[in-house]
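To find a chain, count down the sequence lines: A is the first, B the second, and so on, and within it residues start at 1. Everything numeric here is computed off the predicted structure, so don't read it as measured data. What's counted below: heavy atoms across the whole structure, side chains too, no hydrogens, waters or symmetry copies.
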Amino acid sequence: MGFTGYENKDAGSWSTAKDTYNSFGNNRGKSAFFNDRGNSSRGRFEHGGFGGGGGNSRWVEEPRDDGDWSKPTPRNERLEHELFSGSNTGINFEKYDDIPVEATGQNCPRHIESFQDVDMGEIVMGNIALSRYTRPTPVQKYAIPIVKSKRDLMACAQTGSGKTAAFLLPILSQIYTDGPGEALNAAKASGQVSNGKYGRRKQYPISLVLAPTRELALQIYDEARKFSYRSRVRPCVVYGGADIGQQIRDLERGCHLLVATPGRLVDMMERGKIGLDHCKYLVLDEADRMLDMGFEPQIRRIVEQDTMPHKGVRQTMMFSATFPKEIQILARDFLEEYIFLAVGRVGSTSENITQKVVWVEESDKRSFLLDLLSATGKDSLTLVFVETKKGADALEDFLYREGYACTSIHGDRSQRDREEALNQFRSGKCPILVATAVAARGLDISNVKHVINFDLPSDIEEYVHRIGRTGRVGNLGLATSFFNDKNGNITKDLLDILVEAKQEVPSWLESLAYEHQHKSSNRGRSKRFSGGFGARDYRQTAAGGNTGGFGGRGGRNQTGHGGTRGFGGGGFGNFYTSDGYGGNYSHSQVDWWGN
DNA sequence: AAAAAAT
């Protein structure tokens with residue numbers, strides 16, 4: 001227990017940060033951002049708190065709400081070390097330069113090429129430098145100026161594209177510029193602030209970020225802590241499975257930016273701990289996933305049936321890997337005159353992941369896995385995906401008995417165990433992690449050498465997300481999938497992915513895909529798109545122009561109805577057909593699971 | 001025939 005003292009192991013990086021900062025911010029004159037060596041007089045250490053990311057303790061700022069929000073608060077070396085010395089979760093930007101981005105909508109702001117191209121203020125620029133971000137990723141190049149110019153945004157982008165920073169940086173920058181505004185008065189009316197003590201009954205966050213899974217919420221929160229370093233903004237996170245009392249106490253210390261999973265947030269609202277009256281920035285992350293998980297009622301409750309400012313008053317950003325009809329409807333309801341951003345796929349276009357598909361019968365999977373593991377270096381991180389929670393437990397047990405240091409993560413484990421498993425995996429203490437779908441999306445674990453699909457998913461999007469856990473930060477990655485006759489439904493899509501990523505295709509897979517295509521009708525139709533985009537702005541082709549009204553009948557069916565799609569062909573049509581059901585995506589999901 | 005998520 002206890003925290004390690006601050007050690008300036010990384011002295012070089014501070015000066016790098018300083019240089020980067022100075023090259024930008026010298027118009028403001030001499031800044032105190034990196035020169036102030038004084039200890040902050042406020043704040044304290046919190047031991048064993050929830051959501052502390054890696055450590056057992058963390059420095060907790062106690063921001064004063066008054067004063068100039070655009071000016072950095074004093075430096076705190078210990079906090080700085082805690083926030084920025086961790087493994088670099090940044091992206092190798094060069095690798096991502098060829099990812100195509102398409103921005104559509106009226107008066108779309110021009111994209112930037114460097115973080116210096118838009119004025120985000122000295123706090124944000126300082127934290128960008130401390131995070132060692134050199135250049136914006138494609139989604140950041142486009143999203144940052146869009147958000148900065150106060151436009152609503154619908155972005156189709158996957159995790160791993162740098163989208164968390166793409167919305168956090170401009171939102172925080174805007175908050176620093178504008179100050180707390182109404183939120184401060186509300187907080188004062190609600191309790192204290194003036195005397196600087198705890199005990200506010202109700203918090204009025206200026207920005208709200210909704211995420212589908214608890215771990216993802218935690219990860220976004222960790223990013224928010226970095227980018228709000230030396231500011232008056234205090235980020236908080238709330239999610240289920242953790243002690244609510246502790247979360248409430250954390251909220252009561254001040255909350256300007258809240259990251260939440262929907263269920264727990266509704267709970268907090270009903271308890272009167274959170275008011276959304278002054279929420280100026282709303283982000284829905286992984287929106288398609290949230291709908292898949294049945295969060296729509298909670299989301300609508302939060303956005304439409306409470307005190308949240310109306311669309312057009314607040315600024316709303318939606319992120320989604322796909323753009324099926326349900327998401328289009330949500331976009332119509334939540335967004336005003338939005339810019340649509342389509343960002344090319346990261347996982348499949350990146351050739352630094354070697355994808356292998358091997359035929360393995362169910363009964364042979366375990367021994368095959370052992371062979372793979374024994375061929376892998378002892379310390380390299382291996383992520384093994386299975387389809388069910390029971391399967392995860394059983395496989396973890398098996399590997400443990402075989403003498404492997406492994407752990408597991410799935411929805412039936414306690415939140416504490418889930419977070420511990422993740423930490424043990426990240427740190428290399430347990431270099432093998434057996435996981436269900438909970439770990440497929442969003443989680444940023446660097447240095448995963450090998451992703452093994454012990455069970456293949458039935459959904460190609462899920463596959464792309466899973467293999468995207470490796471090959472990050474420009475590293476080489478390996479993804480091995482066990483395929484057998486239970487995986488017929490993914491054959492065609494898997495083949496498409498392998499071809500697109502220029503991977504070796506087993507001949508049996510090719511012939512299987514050929515057979516499958518002739519057997520199946522609409523259902524087997526590919527959900528993927530040519531051109532590497534996850535989706536497209538349906539407004540461009542919908543009758544009535546691009547001002548947004550999704551009439552339900554306005555859209556044109558581009559593909560024709562029920563036609564067979566040739567190999568690799570297609571285009572974008574199947575997400576915005578005008579028939580009663582719209583997207584083929586949702587349709588096949590409904591058919592498959594029967595709900 | 002599943003996983004995830006408020007209790």
In whole angstroms, how far is the [atom2] atom of [N] from the [atom1] atom of [X]?
| X | N | atom1 | atom2 | answer |
| --- | --- | --- | --- | --- |
| D292(A) | dA2(B) | CG | C1' | 12 Å |
| Q415(A) | dA3(B) | CD | P | 17 Å |
| R413(A) | dA4(B) | CZ | C1' | 16 Å |
| D267(A) | dA5(B) | CG | P | 15 Å |
| D288(A) | dA4(B) | CG | C1' | 14 Å |
| E387(A) | dA4(B) | CD | P | 10 Å |
| F295(A) | dA3(B) | CZ | P | 16 Å |
| M293(A) | dA2(B) | CE | P | 17 Å |

What nucleic acid atoms does R418(A) come within less than 4.0 Å of, heavy atoms only: base, sugar-phosphate, or nothing?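 Sugar-phosphate, backbone atoms only, no base.
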
Across the strands shown, which category fits G294(A) at heavy-atom distances under 4.0 angstrom: base, sugar-phosphate, nothing? nothing

What is the distance from atom OH of Y463(A) to atom CG of L456(A), rounded to the nearest 0.5 Å? 7.5 Å

Reported CD1-to-CG distance for the pair I467(A) and L383(A), which is rounded to 0.5 angstrom: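 Output value for this atom pair is 12.0 Å.
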
For [X] and [N], is the shortest distance between a side-chain N/O and OP1 or OP2 below 4.0 Å?
| X | N | value |
| --- | --- | --- |
| R214(A) | dA6(B) | yes |
| K389(A) | dA4(B) | yes |
| T213(A) | dA5(B) | no |
| T436(A) | dA4(B) | yes |

Heavy atoms of other groups near Y400(A) OH, more than 12 under 6.0 Å: no

Side-chain contact test, heavy atoms from C-beta onward, threshold under 4.5 Å: evaluate it for D152(A) versus F334(A) and give yes or no. no

Of K365(A), K486(A), R466(A), which is the lone residue that meets salt bridge (Lys or Arg N to Asp or Glu O under 4.0 Å) with E387(A)?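 Answer to the salt bridge (Lys or Arg N to Asp or Glu O under 4.0 Å) test with E387(A) among K365(A), K486(A), R466(A): R466(A).
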
